[in-house]
Amino acid sequence: MSAILDVVDLHHRYPLPRDGIFAQRQYVQAVEGLSFALEEGKILGIVGESGSGKSTLARLLVALETPQRGEVRFRGERISGLREARLRPFRRQIQMIFQDPFGSLDPRMRIGASIAEPLGVAEPGLDVAGRRRRIVAMLERVGLGEGAMMRYPHQFSGGQRQRIAIARALITHPKLLVADEPVSALDVSVQAQILNLLLDLKLEFGLSLVFISHDLGIVRYLSDRVIVMQHGKVVEEGESEALFSRPAAAYTKTLIAAMPRL
Amino acid sequence: MRRALRHPSFLIGASLSAVIVFIALVSLVWTPHDPGQMRILSRLKPPDASFWLGTDQFGRDIASMLMVGARNALLVGLVAVGIGFTFGSVLGMLAARFEGSLLDDVVMRALDFVFAFPAVLTAILILTLFGPGLVNAVLAIGLFNIPVFARQARGATLQVMTRDFIRAARLAGCGTASILVRHVVPNILGLMIVQASTQFALAILAEAGLSYLGIGTQPPNPSWGRMLNDAQTFLARAPLLAIFPGMAIALSVLAFNLLGDGLRDIIDPRLKER
């Protein structure tokens with residue numbers, strides 16, 4: 001098996017606002033020396049409490065941010081630090097689902113136009129009818145109908161919006177999907193539906209998945225491999241079952257002990 | 001929409017503004033009398049059936065002059081706010097997109113510089129340097145509108161740029177221009193229109209002020225501000241002469257301010273999600 005995603009010694013920090021123009025800049029270290037790989041077709045779970053650098057990592061993986069040091073490679077090619085124009089061919093292959101389905105869809109844009117946006121960039125040659133066919137098929141695949149196209153995000157529930165976000169992310173048939181807490185903003189009753197939809201689509205589209213969550217139960221249920229993060233560093237990494245049944249690091253043990261038992 | 005119809009200041013502001021716009025439009029095709037025609041025998045007449053609001057010291061019809069003056073006031077507001085809105089919004093959005101860059105610093109500091117001068121005083125300076133007249137007055141007022149719109153646009157854009165749908169657009173492969181046009185503009189337009197309405201009122205006031213000082217609209221073009229100045233001499237004999245243009249100015253400023261306030265409440269970003 002070859003790796004679809006390689007992360008090598010990734011560092012990222014955010015500048016804090018300066019006290020004055022002559023004051024020294026202060027930084028927050030968000031990601032510090034991360035290295036890992038994701039095999040083609042697998043699911044990598046990343047767990048850690050809030051503030052552990054998970055969301056920063058997600059943005060680095062999809063090249064929304066440029067790391068201070070280190071590299072992100074997609075199928076062996078470096079994508080970190082590329083200019084937007086050179087990044088474009090990779091954009092359609094690497095997509096992301098955001099935590100907040102209320103924020104990830106433009107409130108002023110109809111659903112049809114929202115889903116058409118990545119398609120228009122990836123396949124500019126597609127005619128209007130062809131584009132419409134693809135969008136309708138994708139909407140139906142995520143459990144929504146053609147009627148959704150002309151409506152606005154605020155007319156949908158959180159779960160439905162996340163379905164729309166998934167449709168938008170998958171419309172260009174990406175190979176790698178980074179899901180940043182995709183269900184934590186949703187009702188528990190809806191979470192399972194969205195997770196199962198993601199699993200189905202993963203098989204159907206041949207996706208590799210990075211699944212970021214603070215919910216250990218979900219990560220254990222989904223993932224092949226798991227990385228435990230704390231303060232921007234990897235605390236522990238291993239096969240999902242082994243890691244959850246025989247955690248080695250003290251932090252992992254604490255996290256597991258804090259899991260609610262059902 | 002339903003909220004708009006129940007909002008008192010929006011309702012009053014919108015209806016008043018509509019009346020003013022209507023009067024200005026009517027003046028294009030019809031006024032009770034020729035606003036420029038002087039009648040030596042009918043000087044300083046009180047209102048009657050023929051001269052609804054009386055006549056001035058040259059026997060000109062006040063009602064007709066006010067109607068044409070409305071046209072002037074609206075034109076000034078429209079062009080001056082248009083200048084500020086267009087240049088300000090573009091500069092503000094660009095400054096926000098390249099936040100923290102040299103461009104951001106240069107643009108915003110330059111606008112701070114403009115902002116730091118008292119607007120009317122500097123407009124007087126500009127008009128003294130480049131000559132009085134409606135066109136220069138409009139340009140001067142427009143110039144001072146640019147920083148107001150730029151700041152508003154920059155702040156609103158910065159706020160929108162932090163939202164996930166902007167990240168999603170970048171992931172979709174959209175470039176800067178397309179993100180600004182397709183996602184930022186629709187999301188900040190409401191706020192900008194509110195600002196425009198308030199600035200419109202201020203522009204009318206500024207034009208009236210400059211014309212009052214004699215460096216705005218030039219005779220024989222009627223202007224509310226100059227009518228006010230002319231009336232000053234005859235305040236004891238014909239106080240109505242000052243009251244009518246004064247009311248016209250006050251009412252139109254009130255109208256566009258109320259409209260702006262109402263719009264602000266209706267387009268409140270906190271309620272936008274619903």
Side-chain angles (χ1 to χ4, degrees), chain A residues 15 17-18 21 25 55 58-59 61-65 83-85 87-110 113-124 152-155 161 164-165 168-169 171-172 174 176-178 180-181 185, chain B residues 1-3 89 93 96-102 104-106 108-109 112 153-194 263 266-274:
Chain A
R18 263 190 291 195
I21 43 171
R25 262 220 185 282
S55 289
R59 286 181 214 149
L61 293 182
V62 298
L64 276 178
E65 294 196 33
R83 297 168 60 92
E84 203 58 47
L87 209 50
R88 198 148 294 151
F90 294 104
R91 285 289 187 215
R92 61 176 304 182
Q93 304 191 61
I94 306 170
Q95 280 297 320
M96 175 166 174
I97 297 170
F98 297 85
Q99 171 172 6
D100 177 13
F102 292 79
S104 60
L105 296 167
D106 187 337
R108 304 262 167 200
M109 203 179 238
R110 290 179 201 275
S114 236
I115 300 179
E117 193 168 47
L119 198 56
V121 178
E123 294 172 46
Y152 286 95
H154 69 90
Q155 294 171 289
R161 287 193 220 192
I164 294 165
R168 183 182 148 105
I171 191 82
T172 57
L176 173 65
L177 185 65
V178 175
D180 182 12
E181 303 260 16
Chain B
M1 203 53 214
R2 207 173 303 143
R3 210 165 49 228
S89 303
M93 274 169 45
R97 169 61 186 84
F98 300 101
E99 191 205 0
S101 71
L102 190 65
D104 183 19
D105 280 344
V106 169
M108 294 319 287
R109 291 305 80 76
D112 283 349
R154 181 174 181 273
T157 304
L158 281 179
Q159 209 180 358
V160 171
M161 295 291 282
T162 62
R163 310 266 306 264
D164 276 341
F165 64 80
I166 299 293
R167 297 201 178 92
R170 285 183 57 202
L171 283 179
C174 297
T176 294
S178 121
I179 287 178
L180 287 180
V181 172
R182 290 167 59 95
H183 296 286
V184 175
V185 169
N187 280 288
I188 69 168
L189 197 60
L191 278 174
M192 300 305 294
I193 288 172
V194 170
L263 282 174
I266 293 162
I267 314 181
D268 192 318
R270 280 167 296 177
L271 302 171
K272 201 157 53 182
E273 287 301 328
R274 287 206 215 128

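Lettering of chains follows the sequences in order, A, B, ..., and the numbering in each one begins at 1. Just so you know, these numbers use all the heavy atoms, side chains as well, and skip hydrogens, waters and symmetry mates. Since we're looking at a predicted model, the values are computed, not measured.
Put simply, CD on B:Glu99 and CZ on B:Arg154 are 5.5 Å apart, with the number rounded to the nearest 0.5 Å. Rounded to the nearest 0.5 Å, atoms CD1 (B:Ile188) and NE2 (B:His183) are 14.0 Å apart. Separating the CG atom in A:Asp180 from the CG atom in B:Asp164 is a distance of 8.0 Å, to the nearest 0.5 Å. Once rounded to the nearest 0.5 Å, the distance linking NE2 of A:His154 with CZ of A:Arg108 reads 8.5 Å. Expressed to the nearest 0.5 Å, how far CG of B:Leu189 lies from OG of B:Ser89 amounts to 8.5 Å.
The residue from A:Thr172, A:Leu61, A:Val62, A:Leu177 that alone fulfils the side chain to side chain contact (heavy atoms under 4.5 Å, CB included) condition with A:Ile94 is A:Val62.
Residues of residues 165-175 of chain B placed with any heavy atom under 4.5 Å of a heavy atom in chain A are listed by number as B:Phe165, B:Arg167, B:Ala168, B:Ala169, B:Arg170, B:Leu171, B:Ala172, B:Gly173, B:Cys174, B:Gly175. Contacts between residues 113-121 of chain A and chain B, counted as heavy-atom pairs separated by less than 4.5 Å, involve A:Ala113, A:Glu117, A:Pro118, A:Val121.
Nearest approach of A:Arg92 to A:Ala122, heavy atoms of both residues: NH1-O, 3.6 Å.
Around CZ of A:Arg25, the count of heavy atoms belonging to other residues, nucleotides or ligands within 6.0 Å exceeds 12.
Under the side-chain hydrogen bond (donor to acceptor under 3.5 Å, both in side chains) criterion, A:Gln99 pairs with A:Ser184, sequence neighbours left out. Shown here are the side-chain hydrogen bond (donor to acceptor under 3.5 Å, both in side chains) partners of B:Arg109, two or more places apart in sequence or in another chain: B:Asp112.
Contacts between A:Met96 and chain B at a heavy-atom distance below 4.5 Å involve backbone atoms as well as side-chain atoms. A:Leu105 touches chain B through its backbone: at least one of N, CA, C or O sits under 4.5 Å from a heavy atom, while the side chain does not. In this structure, chain B has no heavy atom under 4.5 Å from any part of A:Ala165.
Under the 4.5 Å side-chain criterion, counting only non-hydrogen atoms from C-beta, B:Thr157 is not in contact with B:Arg97.
Heavy-atom pairs under 4.5 Å with chain B were tallied for A:Pro153, A:Ala169, A:Gly103; the largest tally goes to A:Gly103.
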